[in-house]
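What follows is a set of notes on a single structure, which appears directly below.
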Amino acid sequence: MFGYAVRRALRKKTLRYGVPMLLLIVGGSFGLREFSQIRYDAVKIKIDPELEKKLKMNKVSLESEYEKIKDSTFDDWKNIRGPRPWEDPDLLQGRNPEILKTNKTT
């Protein structure tokens with residue numbers, strides 16, 4: 001009698017918890033395989049040769065950008081904080097709102 005009750009309870013738990021868990025593990029494995037395959041398929045895609053030539057011509061390196069700003073002077077640089085959502089951006093950055101209003105109406 002006791003053995004039958006244990007087997008019945010075990011069978012009930014297996015059907016209720018074990019089978020969905022196994023389905024989740026096996027199904028997740030197949031799902032992950034499909035999603036990870038996308039990465040390898042994207043690498044195989046060939047770029048148009050004309051577009052590839054344009055991309056190679058427009059190479060920007062750190063050294064070239066440094067050469068552009070090397071001789072710049074930043075002595076007159078001023079740090080301006082951006083406005084918070086509840087603040088008026090014109091007042092914060094030192095612009096006169098009355099002048100801005102007259103420019104918008106004309």
Side-chain angles (χ1 to χ4, degrees):
M1 181 82 170
F2 179 72
Y4 176 74
V6 169
R7 276 186 265 140
R8 184 170 178 227
L10 191 60
R11 189 178 313 132
K12 206 175 210 182
K13 284 184 180 181
T14 302
L15 288 176
R16 187 169 183 181
Y17 298 112
V19 173
M21 183 66 176
L22 286 175
L23 286 174
L24 183 69
I25 290 171
V26 173
S29 171
F30 284 109
L32 283 174
R33 185 186 69 195
E34 294 298 320
F35 281 116
S36 61
Q37 185 65 38
I38 293 171
R39 179 175 64 176
Y40 299 113
D41 292 341
V43 171
K44 293 178 185 175
I45 296 173
K46 296 293 181 188
I47 298 176
D48 183 32
E50 191 174 309
L51 178 62
E52 192 172 355
K53 188 189 300 182
K54 283 183 183 178
L55 289 173
K56 285 184 180 178
M57 286 176 42
N58 294 333
K59 283 277 187 184
V60 177
S61 67
L62 188 60
E63 289 81 14
S64 65
E65 290 298 313
Y66 174 71
E67 292 297 325
K68 286 181 187 177
I69 65 166
K70 179 172 64 173
D71 298 327
S72 301
T73 59
F74 295 107
D75 296 335
D76 58 347
W77 179 76
K78 182 178 162 186
N79 188 14
I80 300 175
R81 181 176 65 83
R84 294 190 173 108
W86 59 86
E87 294 176 336
D88 185 20
D90 298 328
L91 288 175
L92 183 68
Q93 295 181 357
R95 291 184 245 158
N96 193 350
E98 286 80 29
I99 294 172
L100 291 172
K101 286 179 186 175
T102 57
N103 289 344
K104 288 179 185 175
T105 57
T106 57

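The structure displayed is predicted, hence computed values, not measured ones.
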Please list every donor-acceptor pair under 3.5 Å in which a side-chain atom of residues 43-52 meets a protein atom from a residue at least two apart or in another chain.
none

What donor-acceptor contacts under 3.5 angstrom involve side-chain atoms of residues 25-35, with partners at least two apart or in another chain?
none

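- Residue pairs meeting the side chain to side chain donor-acceptor pair (under 3.5 Å) criterion with at least one member in residues 60-70, sequence neighbours excluded, are Ser61-Ser64, Glu65-Lys68, Glu67-Lys70.
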